[in-house]
Trainee: 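Here it is, the structure in full.
For the single chain, residues carry numbers from 1 onward in sequence order. If you're wondering where the values come from, they're calculated on a predicted model, not measured in any experiment.
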Amino acid sequence: MITHMDSYGLAAREATEARFARNIAARLSERAENVAPEIGERLRFARERAIEAGRLARAGGEVQGVGMTSQGAAVLGFSRSPWWLRVASALPVVALVAGLVLIQDWQTRSQISVAAEVDAALLGDDLPINAYRDAGFVEYLKAPPNQ
């Protein structure tokens with residue numbers, strides 16, 4: 001059961017939201033007067049489409065998505081994009097994943113190459129066999145070769 005305080009709080013919240021919406025609309029209207037004519041026309045068109053989409057949403061109809069014009073402006077009303085546009089939009093993600101896989105492969109190969117060079121240098125060096133058994137082998141490797 002809704003109490004008197006709940007309905008009062010709901011009415012106060014709706015009034016605050018309406019006041020906020022009026023303030024935003026007033027500020028946008030003030031700024032709209034200083035806009036270039038072609039931008040104003042695009043905004044008018046987008047506003048009409050948004051109003052229509054809002055009417056459809058309230059009526060329970062299907063709201064159409066956002067599309068792009070050939071000049072790059074966003075336009076409401078494209079429900080489906082062509083298949084090639086969907087594929088083209090996925091290509092950057094595929095390229096990114098492929099690039100990351102290639103970078104990982106290159107990094108792994110370079111680490112293997114560096115380890116192989118170190119192993120070849122150690123095995124090709126003139127070390128006595130006892131050096132491999134010595135606990136101070138690391139110090140021996142760090143020492144200059146003329147000692």
Side-chain angles (χ1 to χ4, degrees), residues 1-125 127 131-132 134-145:
M1 176 181 262
I2 297 178
T3 65
H4 179 65
M5 281 303 261
D6 290 340
S7 63
Y8 176 75
L10 183 61
R13 186 174 128 208
E14 288 176 357
T16 303
E17 289 174 354
R19 189 172 42 247
F20 180 70
R22 281 192 306 272
N23 285 339
I24 288 177
R27 301 222 179 179
L28 288 173
S29 295
E30 289 172 11
R31 300 289 182 207
E33 295 171 3
N34 300 330
V35 175
E38 65 273 359
I39 294 175
E41 183 63 25
R42 284 196 290 176
L43 288 173
R44 182 192 61 76
F45 180 73
R47 185 172 42 248
E48 289 173 1
R49 297 298 300 215
I51 290 170
E52 182 63 28
R55 282 187 195 133
L56 285 174
R58 283 190 291 278
E62 182 181 327
V63 178
Q64 296 176 340
V66 176
M68 298 292 287
T69 65
S70 61
Q71 291 82 21
V75 178
L76 294 172
F78 287 102
S79 61
R80 292 188 183 178
S81 58
W83 67 269
W84 58 268
L85 188 58
R86 286 181 284 186
V87 170
S89 65
L91 283 178
V93 174
V94 171
L96 177 66
V97 170
L100 290 174
V101 168
L102 289 174
I103 289 171
Q104 178 65 32
D105 183 55
W106 174 74
Q107 187 72 18
T108 303
R109 288 178 187 264
S110 68
Q111 288 176 352
I112 291 171
S113 174
V114 167
E117 288 177 16
V118 169
D119 289 345
L122 285 176
L123 294 174
D125 199 9
L127 290 176
Y132 290 103
D134 190 4
F137 183 58
V138 174
E139 284 76 21
Y140 176 81
L141 292 175
K142 289 181 182 177

Trainee: Short question: side chain of Thr108, backbone of Gln104 - any donor-acceptor pair under 3.5 Å?
Mentor: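 It does hold such a pair.
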
Trainee: Look at Glu17 together with Arg13 and state whether they make a salt bridge at an N to O cut-off of under 4.0 Å.
Mentor: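 Result for this pair is yes, salt bridge flagged.
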
Trainee: Run the side-chain contact (heavy atoms from CB on, under 4.5 Å) test against Arg22 and tell me which residues pass, sequence neighbours left out.
Mentor: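 By the side-chain contact (heavy atoms from CB on, under 4.5 Å) rule, Arg22 matches Ala18, Arg19.
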
Trainee: Would Glu52 and Arg49 count as a salt bridge (charged side-chain N to carboxylate O under 4.0 Å, His left out) if you check the C-alpha gap in whole Å, the side-chain angles of each, and the deciding distance to 0.1 Å?
Mentor: CA-CA 5 Å; Glu52 182 63 28; Arg49 297 298 300 215; over 6 Å; no

Trainee: Is any side-chain heavy atom of Arg44 less than 4.5 Å from a side-chain heavy atom of Glu41?
Mentor: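 Yes - at least one pair of side-chain heavy atoms lies under 4.5 Å apart.
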
